[in-house]
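Quick notes on the structure that follows.
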Protein chains: 2
Amino acid sequence: MTTSVGIQPLSIERLRTACSTCGLRELCLPVGLAEAELERLDDLIQVRRTAKKGQSIYRSGDAFAALYAVRSGFFKTTILSEDGRDQVTGFYMGGEIVGMDGIGTELHTCDAVALEDSEVCVIPFSRLEDLSRQVPALQSHFHKVMSREIVRDHGVMMLLGSMRAEERLAAFLVNLSQRFVARGYSPSEFYLRMTREEIGSYLGLKLETVSRVFSRFQDEGYISVQQKHVRIIDIPKLRQLIGQRGGAC
Amino acid sequence: MTTSVGIQPLSIERLRTACSTCGLRELCLPVGLAEAELERLDDLIQVRRTAKKGQSIYRSGDAFAALYAVRSGFFKTTILSEDGRDQVTGFYMGGEIVGMDGIGTELHTCDAVALEDSEVCVIPFSRLEDLSRQVPALQSHFHKVMSREIVRDHGVMMLLGSMRAEERLAAFLVNLSQRFVARGYSPSEFYLRMTREEIGSYLGLKLETVSRVFSRFQDEGYISVQQKHVRIIDIPKLRQLIGQRGGAC
DNA sequence: CGGTTCTGTTGACATGGATCAAAGTCACGC
DNA sequence: GCGTGACTTTGATCCATGTCAACAGAACCG
């Protein structure tokens with residue numbers, strides 16, 4: 001009595017990479033697709049790639065051909081300026097899309113580096129463009145994903161342009177916490193996959209400052225940190241800390 | 001003997017807003033379109049809007065419905081945080097596209113304010129999505145425009161995260177200069193449409209610092225500034241200044 | 001055309017975060 | 001299991017930029 005619409009012989013490989021059965025689907029893909037559309041989407045991703053900690057899935061200057069959906073693990077993206085400084089431009093976890101920097105010039109403009117052993121779904125970009133011409137919901141979804149990346153970047157610009165060290169760290173922790181919740185993890189207890197230096201680079205601070213502010217937050221009882229293990233004790237307080245100006249000073 | 005392909009009765013209004021005859025076309029639109037595609041594009045923009053200096057074409061929280069191509073004039077975009085700080089997230093001149101922040105949530109997340117009397121072409125977003133499903137070159141072009149916005153934001157993050165005041169100003173001036181050249185203006189002499197405070201906000205500096213660095217650049221003979229009028233005397237020197245670390249310190 | 005307000009310049013001083021330095025902790029390979 | 005190197009913490013000091021303040025020019029408007 002199991003009525004399955006349009007069952008087809010699926011190879012193990014195809015099943016393995018099928019979006020329709022992926023637990024992260026609602027993060028990567030539009031919701032509410034018709035069965036027929038979902039099937040078409042399953043053609044989108046044929047390949048998964050793994051990256052061990054420290055390896056990159058693409059580097060600045062590489063030809064752009066695909067986007068990457070983080071399937072498991074954790075990534076950072078960094079740009080390296082001519083004079084050797086590098087800037088972390090983002091951290092990416094399961095269900096998030098990396099690689100949109102490359103679309104504009106057809107060359108990647110940053111490195112995407114795994115911060116732990118990770119797996120990504122390779123989304124060939126030309127296929128994504130083809131499919132999104134046929135499936136409006138996919139088109140719309142993709143545009144939203146890109147737009148949200150822009151909005152996220154604006155948030156970082158606000159953070160870098162006008163917040164103090166404590167506010168930046170508080171914002172960073174609250175943001176991580178939210179993203180972990182959305183993935184079904186604890187909002188208040190997690191392991192940082194990145195070093196103090198990487199956090200500092202992202203937030204425009206030196207690693208010593210990051211370390212000191214963590215210690216200060218711990219002294220104040222807002223969090224407890226031990227190396228990469230963080231437990232947030234007082235989320236409301238951290239939220240309050242973000243966007244506090246002219247208070248003490 | 002004038003052989004025009006597919007001439008149709010064009011109202012004056014239609015002709016006025018037609019992309020195919022717009023001097024900024026190569027900045028907004030894909031190049032190398034077939035005649036038939038170009039004609040379809042002329043349906044894209046039906047409306048122009050003007051904004052006097054200080055007026056905004058949209059505000060944070062407004063429902064998102066369209067992108068705006070700057071036809072003439074100059075805009076800034078700003079986000080306002082709850083506690084009243086605001087951050088300039090970009091400056092936009094002729095041929096550039098504003099409004100992509102709104103796609104993700106269908107609400108705008110920043111204000112777009114005219115810094116001088118300006119005119120924009122209204123691009124209804126649903127029509128853009130429809131058309132780009134039919135005209136792959138338009139689809140591709142639009143994706144590139146969004147991607148470049150992301151890359152630009154990464155550049156600002158680098159600037160805010162790791163450059164010193166002089167480097168930031170130098171980068172800002174060089175960037176403006178490049179964009180003016182691309183529009184056929186002088187690379188070395190232009191009017192700033194924004195105040196010191198707006199520059200400072202964009203660059204993560206206070207207006208006094210901006211003013212001081214301008215004065216210092218002038219003392220060194222790199223530029224000459226008088227209020228909003230800037231003349232760049234030594235562009236190579238400014239370029240060299242960007243990404244100079246561990247030199248003098 | 002004169003007053004008012006916005007914008008820009010410059011100086012004196014304060015301070016948050018950078019820098020330099022040293023020691024402690026952890027992870028990993030042999 | 002121990003040594004080596006990567007990461008983190010903490011302290012002392014310094015400096016680039018912020019803050020506060022005063023004034024000077026421009027722009028605007030009745």
Side-chain angles (χ1 to χ4, degrees), chain A residues 52-54 76 85 87-88 113 115-117 159-172 191-220 223-230 241 244-249, chain B residues 52-55 76 85 87-88 113 115-117 159-170 172 191-220 223-230 241 244-249:
Chain A
K52 291 229 164 284
K53 182 175 177 176
K76 68 170 177 182
R85 275 176 281 186
Q87 171 76 28
V88 172
V113 181
L115 296 180
E116 63 184 3
D117 294 358
L159 183 147
L160 291 171
S162 70
M163 289 185 174
R164 299 147 80 295
E166 291 199 353
E167 301 174 288
R168 294 184 198 189
L169 252 306
F172 177 71
Y191 278 90
L192 300 171
R193 322 294 155 115
M194 67 295 277
T195 66
R196 302 287 187 264
E197 184 167 23
E198 287 160 340
I199 298 172
S201 172
Y202 185 59
L203 299 179
L205 301 169
K206 291 291 150 180
L207 67 96
E208 294 95 327
T209 305
V210 173
S211 179
R212 270 185 249 272
V213 174
F214 274 152
S215 300
R216 211 180 307 154
F217 281 175
Q218 179 162 242
D219 293 348
E220 303 284 345
I223 65 175
S224 113
V225 237
Q226 204 171 10
Q227 305 288 132
K228 294 203 152 60
H229 179 251
V230 174
L241 225 54
Q244 173 176 87
R245 174 87 348 162
C249 206
Chain B
K52 292 229 163 282
K53 183 175 177 175
Q55 290 180 334
K76 69 170 177 183
R85 278 177 279 184
Q87 171 76 29
V88 172
V113 181
L115 296 180
E116 62 184 3
D117 295 358
L159 183 147
L160 291 170
S162 70
M163 289 185 174
R164 300 146 79 306
E166 292 199 351
E167 301 176 287
R168 294 183 198 190
L169 252 304
F172 176 71
Y191 278 90
L192 300 172
R193 321 294 153 115
M194 68 294 277
T195 66
R196 300 288 186 263
E197 184 166 24
E198 286 160 340
I199 297 171
S201 172
Y202 184 59
L203 299 178
L205 302 169
K206 291 290 150 181
L207 66 96
E208 295 94 328
T209 304
V210 174
S211 180
R212 271 185 248 272
V213 174
F214 273 152
S215 300
R216 210 179 310 153
F217 281 175
Q218 180 161 244
D219 293 348
E220 302 284 343
I223 65 174
S224 115
V225 236
Q226 205 171 10
Q227 305 287 132
K228 294 201 153 59
H229 179 250
V230 173
L241 225 54
Q244 174 175 86
R245 173 96 335 172
C249 207

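Source: prediction; values computed, not measured. Letters A, B, ... mirror the listed sequences (proteins, then strands); counts begin at 1. As a basis for the values below, the full set of heavy atoms in this structure was taken, side chains included, without hydrogen atoms, waters or symmetry mates.
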### Message
My understanding is that only residues two or more places apart in sequence, or in another chain, count here; which of them pass side chain to side chain contact (heavy atoms under 4.5 Å, CB included) with A:Ser224?
### Response
A:Gln218, A:Arg231, A:Ile233
#### Entry: Test salt bridge (Lys or Arg N to Asp or Glu O under 4.0 Å) applied to B:Glu220 - qualifying residues, sequence neighbours left out
none
### Task
Would you mind reading off the distance between B:Leu205 atom CG and C:dG16 atom C1', rounded to a whole angstrom?
15 Å
#### Entry: Atom-to-atom span, CD of A:Glu198 to P of D:dC7 - whole angstrom
8 Å
### Task
Under the salt bridge (Lys or Arg N to Asp or Glu O under 4.0 Å) rule, collect the residues that match up with A:Arg196, sequence neighbours excluded.
none
### Task
Look at all strands and tell whether A:Gly200 reaches a base, only sugar-phosphate, or nothing, counting heavy atoms closer than 4.0 Å.
nothing
### Message
For B:Leu160 versus B:Gly204, what's the shortest heavy-atom pair and its separation?
### Response
CD2-N, 3.5 Å
### Query
How large an angle, rounded to 10°, do the end axes of the helix from C:dC1-D:dG30 to C:dC30-D:dG1 enclose when each is built from five base pairs?
50°
### Query
Should we say atom CD of A:Glu197 is surrounded by more than 12 heavy atoms from elsewhere, each under 6.0 Å from it?
no
### Any A:Lys228 side-chain N or O less than 4.0 Å from OP1/OP2 of D:dT8
yes
### Message
According to salt bridge (Lys or Arg N to Asp or Glu O under 4.0 Å), who are the partners of A:Glu208, at least two apart in sequence or on a separate chain?
### Response
none
### Query
A:Arg216 CZ to D:dG11 P: how many Å, rounded?
12 Å
### Query
Expressed in angstrom and rounded to an integer, what is the separation of B:Gln218 atom CD from C:dG8 atom P?
15 Å
### Query
Of B:Lys53 and B:Ala165, whose nearest nucleotide on DNA chain D comes first from the 5' end?
B:Ala165
Tabulate protein N/O versus nucleotide N/O from nucleotides 9-11 of chain C, keeping only pairs under 3.5 Å, one per line.
residue : atom : partner  : partner atom : Å
C:dT9   : OP1  : B:Arg196 : NH2          : 3.4
C:dT9   : OP2  : B:Arg196 : NE           : 2.8
C:dT9   : OP2  : B:Arg196 : NH2          : 3.3
C:dT9   : OP2  : B:Ser211 : OG           : 2.9
C:dT9   : O5'  : B:Ser211 : OG           : 3.3
C:dT10  : OP2  : B:Ser215 : OG           : 2.6
C:dG11  : N7   : B:Arg212 : NH1          : 2.9
C:dG11  : O6   : B:Arg212 : NH2          : 3.1

### ring pair (Phe, Tyr, Trp, His ring centres under 6.0 Å) partners of B:Phe214, counting only residues at least two apart
none
### Task
Could I get the full list of salt bridge (Lys or Arg N to Asp or Glu O under 4.0 Å) partners for B:Glu198, not counting sequence neighbours?
B:Lys76
## Note on the structure
Separation of D:dT17 atom P from B:Glu166 atom CD, nearest Å, is 8 Å
### Query
Rounded to whole angstroms, how far apart are OH on A:Tyr191 and P on C:dC26?
12 Å
### Task
Give the rounded distance in Å between these two atoms: CE of A:Met163 and C1' of D:dG18.
18 Å
## Note on the structure
Those residues at least two apart in sequence (or on a different chain) that pass side chain to side chain contact (heavy atoms under 4.5 Å, CB included) with B:Lys228 are B:Tyr191, B:Leu192, B:Thr195
### Euclidean distance, atom CZ of residue A:Arg168 to atom C1' of C:dG17 [Å, nearest integer]
10 Å
